[in-house]
Amino acid sequence: MFLEEIMSEKKEQYEESALYRIRHSAAHIMAEAVLEKFPEAKFAIGPAIEDGFYYDFDLPRPLTPEDLESIEKRMRGLIQTKGKFERKVVSADEAKAIFKDQPFKLELIDGLEAGELDEDGNPTQEKPEISLYTQGNFTDLCRGPHVEVTTQINPSAIKLLSVAGAYWRGDEKRPMLQRIYGTAWNTPDELKDYLWRMEEAKKRDHRKLGQDLDLYSVVDEIGAGLILWHPKGGKIRKIIENFWSEEHEANGYDFVYTPHIGKAQLWETSGHLGFYKENMYSPLDIDGQQFYLKPMNCPFHIHIYKNSIRSYRDLPIRYAEEGTVYRYERSGVLHGLMRVRGFTQDDAHHFCRPDQMPAEIDFVLDFSLHILRSFGFASINAYLSTKPEKSVGEPERWLAAEAALEDSLKRSGIDYQVDQGGGAFYGPKIDLKVNDALGREWQLSTIQFDFNNPERFDLKFIGEDGQPQRPYMVHRALLGSLERFFGVLIEHYGGAFPVWLSPIQVAMIPIADRHFEYAKDTAVQLRKAGLRVMVDDRSERMNAKIRDAQNQKIPYMLVIGDKEIENNQVSLRLRSGENPGPIAISTFIERAKEDIQRKI
RNA sequence: GCCACCGUAGCUCAGCUGGCAGAGCAGACGUUUCGUAAACGCCAGGUCAAGGGUUCGAUUCCCUUCGGUGGCUCCA
């Protein structure tokens, strides 16, 4: 695939870059410093990663922030020694002799010898040669490449960032090691720039903004991963939902509503108790019958479909619901709005005839892109996941569905990658991911075929020949979950939502008490025009009111004093700091309406 | 779930090695009526996450639980 080539090319470029060598070498120098401090340390792997590097160690005690400081300081000292990085190819036996006290290295050498795994533990085809790199008093099993001399690393452009636990080989059944993360750059300025970017990202963190802007909260007394939407967050959600409903209404969806619990038998039939039980909560006992809180909406929609005999003339049928589901997530993975235990999916299920399937996929893909773009996400990437080894459904159906998905992607013109074998066992899928304002990627939409449930629930429609046939079923969520989508929106806009989404669009700022009445009258006019307005009638100075409105990221501030009242105007200030100045109220309304229309 | 760190007023944070709980902002009240990012004064605000232990005495030390942060793992 085109994009795939670009991506792998980018990765190759990085791996051949000077920066990559610097980071990889910094990891070795860090390991040398750690080994000096803890001679009994067992060291595992230490690659360069995006923006930095890490190294995993098994150490006699947990590392403290002071340890990081001293290790970092020692690294600077080691760099000054001008040690050369020297490469040497050895046999497996020689390597084992050198690393006889290093069990992780021995395991890696075994892997290399068997020709199955490379030094990062990744599968490899050919049997690689075993190479060592030595600098100073430290020798590591490593493929390289490295810098030639330690002084090619600028000691003022490195920084150790954090220590974290990491399982050996990423396997939770194996020992947990201590991973030290660090970052390294060509110059101190680049390091400064990187640290600045991290600070900026922190300021946009939806958890911080959610608090500062009073959008939502999660409280201990209610429970982890359970979201309270405050009035301002609720306002935004309502706007999103209204837009969503209008668009769905206009595009042939029917709205359905379904309960939050269902009998154990339902989840047996759907296969959730077989395949998804880990993520479901314990059952409730109601009059001796077991009920489960729903982790998904599909079985309910399916029963609505099954409630009547369906003719081929009725299809496609599209059922949409903002369905609230509950899934057990391990405590360590919960994260603000992004990963929660109760959330609302903008869910829908399509039931169609096999011959309608390509058109149906075209439709749903276009519709998804339209919705995402409406929220200001211009950069969208698609990922097509195909049949895994273990799967249900006839192979011909898989091929037809995969072809339909890929053809649609081609027609849509967006970039996509293929994840061979990455589909769910019940069907292939397209995932859409957006890039936010900081270039970070977030998965939102998912469009999934389901070959499993039509069988399990024995779905039918009556064909032209009067015989029952099996419909295709597509499951899709465009925003994903409203919670997660909201989190992504907050970070994308840094809390400065476009006017159409802003919970408060206009702050009226009367300068003195005598301007209150005019401000309130104007507010009434603006509200009649459909704008969301607040009047700041506190006994505060104008500067303070402006500051507060700025901090609330309210798009328009209208300052009102003697001059404005005299000329029947308002003085416009924007949250960008721009100050267009006095304009007629009607002119302002026009401008605001246009911005809302354009969703900016 | 695992490893490390953390939890003090609504928010942001002080509180050294155990000895009566502190600030700024926000809030209430009063004064001020002001031209594009913080007026002034006064008042109130706390089971120091919860429970247990050590101690003459625990916000401080120890244990357990709950919650958060960074990772790992997981993510139909």
Side-chain angles (χ1 to χ4, degrees), chain A residues 54 56 58-59 61-65 67-68 161-181 202 205 207-208 211-212 214 217-226 270-272 274-280 295-298 325 327-336 338-339 345 385 388 422-427 429 431 443 446 448-450 452-453 475 477 484 507 509-516 538-552 557-564 571-575 577-582:
Chain A
Y54 68 78
D56 289 346
D58 185 16
L59 300 173
R61 63 166 175 84
L63 290 168
T64 63
D67 290 329
L68 281 198
L161 300 174
S162 61
V163 49
Y167 299 110
W168 166 235
R169 290 270 170 100
D171 181 347
E172 63 182 314
K173 290 181 192 70
R174 310 194 72 175
M176 177 154 280
L177 309 174
Q178 296 192 63
R179 172 173 299 177
I180 306 177
Y181 281 96
K202 240 184 184 170
D205 191 312
R207 292 165 302 178
K208 176 174 165 50
Q211 164 101 271
D212 291 350
D214 196 13
S217 61
V218 183
V219 305
D220 199 2
E221 288 83 345
I222 294 172
L226 302 170
S270 68
H272 285 92
F275 295 99
Y276 203 64
K277 198 164 187 209
E278 306 303 298
N279 286 286
M280 293 170 69
M296 292 189 200
N297 303 299
C298 12
V325 298
R327 298 181 184 174
Y328 172 71
E329 299 285 357
R330 294 159 96 176
S331 60
V333 307
L334 298 173
H335 183 86
M338 302 301 193
R339 195 81 179 269
Q345 293 182 302
S385 299
F425 75 90
Y426 55 74
K429 61 173 181 173
D431 290 328
Q443 187 187 328
T446 182
Q448 308 183 340
F449 263 85
D450 187 342
N452 187 43
N453 278 310
H475 169 121
R484 185 157 213 276
I509 301 181
I511 291 173
D513 291 9
R514 63 178 180 280
H515 309 126
F516 282 7
R538 294 174 302 164
S539 169
E540 280 291 349
R541 294 172 63 218
M542 181 200 64
N543 279 340
K545 295 180 184 180
I546 287 177
R547 179 187 153 84
D548 289 345
Q550 284 285 156
N551 286 337
Q552 287 299 304
M557 283 156 263
L558 298 181
V559 176
I560 288 157
D562 294 335
K563 281 184 280 182
E564 285 75 16
S571 203
L572 176 63
R573 177 192 163 104
L574 306 176
R575 64 185 161 192
E578 276 175 273
N579 198 352

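The figures that follow rest on heavy atoms only: side chains count, while hydrogens, waters and symmetry mates do not. Labels below follow one simple rule: chain letters A, B, ... track the order of the sequence lines, proteins then strands, and each chain is numbered from 1. Just so it is clear, the model here is predicted, and its values are computed rather than measured.
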**Report entry** A:D171 with A:R169: basic N within carboxylate O range, under 4.0 Å
**Finding:**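 Judged by the 4.0 Å cut-off on N to carboxylate O distance, A:D171 and A:R169 do not form a salt bridge.
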Of the options [options], whose atoms approach the side-chain atoms of [X] most closely?
X: A:E172; options: B:rA37, B:rG1, B:rA39; value: B:rG1
X: A:M176; options: B:rA4, B:rC3, B:rG35; value: B:rC3
X: A:A512; options: B:rU33, B:rG35, B:rG71; value: B:rU33
X: A:L334; options: B:rG68, B:rA76, B:rG35; value: B:rG68
X: A:E540; options: B:rC72, B:rA39, B:rC34; value: B:rA39
X: A:D220; options: B:rG1, B:rU33, B:rC66; value: B:rC66
X: A:S539; options: B:rA76, B:rC34, B:rG35; value: B:rC34
X: A:R514; options: B:rU33, B:rA37, B:rA76; value: B:rU33
X: A:F275; options: B:rA76, B:rC72, B:rA39; value: B:rA76
X: A:I546; options: B:rA37, B:rG35, B:rA76; value: B:rA37

Does any N or O donor sit under 3.5 Å from an N or O acceptor when you compare the side chain of [X] with the base of [N]?
X: A:E278; N: B:rG1; result: no
X: A:R573; N: B:rA37; result: yes
X: A:N543; N: B:rU36; result: no
X: A:Y167; N: B:rG71; result: no

Check whether any side-chain nitrogen or oxygen of [X] sits under 4.0 Å from OP1 or OP2 of [N], and answer yes or no.
X: A:Y181; N: B:rC72; value: yes
X: A:R541; N: B:rA39; value: yes
X: A:R207; N: B:rU69; value: yes
X: A:S162; N: B:rG71; value: no
X: A:R538; N: B:rU33; value: no
X: A:H335; N: B:rG68; value: no
X: A:R174; N: B:rC72; value: no

Query raised in the report: Can you tell me which stems RNA chain B forms when a stem means 3 or more consecutive Watson-Crick or G-U pairs under 3.5 Å?
Result: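 Stems (3+ consecutive pairs) listed as B:1-7 with B:66-72, B:10-13 with B:22-25, B:29-31 with B:39-41, B:49-53 with B:61-65.
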Using the [atom1] atoms only, state how far [M] lies from [N], rounded to an integer number of Å.
N: B:rC63; M: B:rA26; atom1: P; result: 41 Å
N: B:rA49; M: B:rG10; atom1: P; result: 12 Å
N: B:rC40; M: B:rU32; atom1: P; result: 16 Å
N: B:rC43; M: B:rC25; atom1: P; result: 14 Å
N: B:rU73; M: B:rC3; atom1: P; result: 16 Å
N: B:rA28; M: B:rC48; atom1: C1'; result: 25 Å
N: B:rC42; M: B:rG52; atom1: C1'; result: 43 Å
N: B:rU36; M: B:rC72; atom1: P; result: 50 Å

For the pair made of [atom1] in [X] and [atom2] in [N], what is the distance, rounded to whole Å?
X: A:K208; N: B:rU12; atom1: NZ; atom2: P; answer: 8 Å
X: A:E329; N: B:rU73; atom1: CD; atom2: P; answer: 16 Å
X: A:I560; N: B:rG35; atom1: CD1; atom2: P; answer: 16 Å
X: A:D513; N: B:rA39; atom1: CG; atom2: P; answer: 15 Å

Report task. Quick one: list whatever passes ring-ring contact (aromatic ring centres under 6.0 Å, His included) with A:Y181, sequence neighbours left out. Result ->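 Scan of A:Y181 (ring-ring contact (aromatic ring centres under 6.0 Å, His included), adjacent residues dropped) gives A:Y54.
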NA contact type, [X], heavy-atom cut-off 4.0 Å: base, sugar-phosphate, or nothing?
X: A:K429; result: nothing
X: A:D171; result: nothing
X: A:T446; result: nothing
X: A:E221; result: nothing
X: A:G170; result: sugar-phosphate
X: A:M557; result: nothing
X: A:D562; result: base

Report task. For A:R174 and A:Y167, run side-chain contact (heavy atoms from CB on, under 4.5 Å): C-alpha distance rounded to whole Å, both residues' side-chain angles, the deciding distance at 0.1 Å, then the answer. Result -> CA-CA 6 Å; A:R174 310 194 72 175; A:Y167 299 110; 5.6 Å; no
Side chain of [X], backbone of [Y]: donor and acceptor closer than 3.5 Å?
X: A:Q178; Y: A:G165; result: no
X: A:E329; Y: A:R339; result: no
X: A:S270; Y: A:H272; result: yes
X: A:E564; Y: A:G561; result: yes

Query raised in the report: Looking at A:Y426 versus A:F275, is the centre-to-centre ring distance below 6.0 Å?
Result: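 No, ring centres 6.0 Å or more apart.
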Requested in this report: With side-chain contact (heavy atoms from CB on, under 4.5 Å) as the test, would you mind laying out the steps for A:N579 and A:L574 before giving the verdict?
Outcome: CA-CA 6 Å; A:N579 198 352; A:L574 306 176; over 6 Å; no
Requested in this report: Tell me which of A:Q211 and A:V163 sits closer to the 5' end of RNA chain B, going by the nucleotide each one is nearest to.
Outcome: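 Result: A:Q211.
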Query - Residue closer to the 5' end of RNA chain B, A:R339 versus A:L63 (nearest nucleotide) - result: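 Between the two, 5'-proximity favours A:L63.
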Query - Nearest non-hydrogen partners of A:P582 and A:S571, listed with the distance - result: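 Distance-wise, the nearest heavy atoms are N-OG, 3.7 Å.
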Requested in this report: List the steps, then state whether side-chain contact (heavy atoms from CB on, under 4.5 Å) holds for A:H475 with A:K429.
Outcome: CA-CA 9 Å; A:H475 169 121; A:K429 61 173 181 173; over 6 Å; no
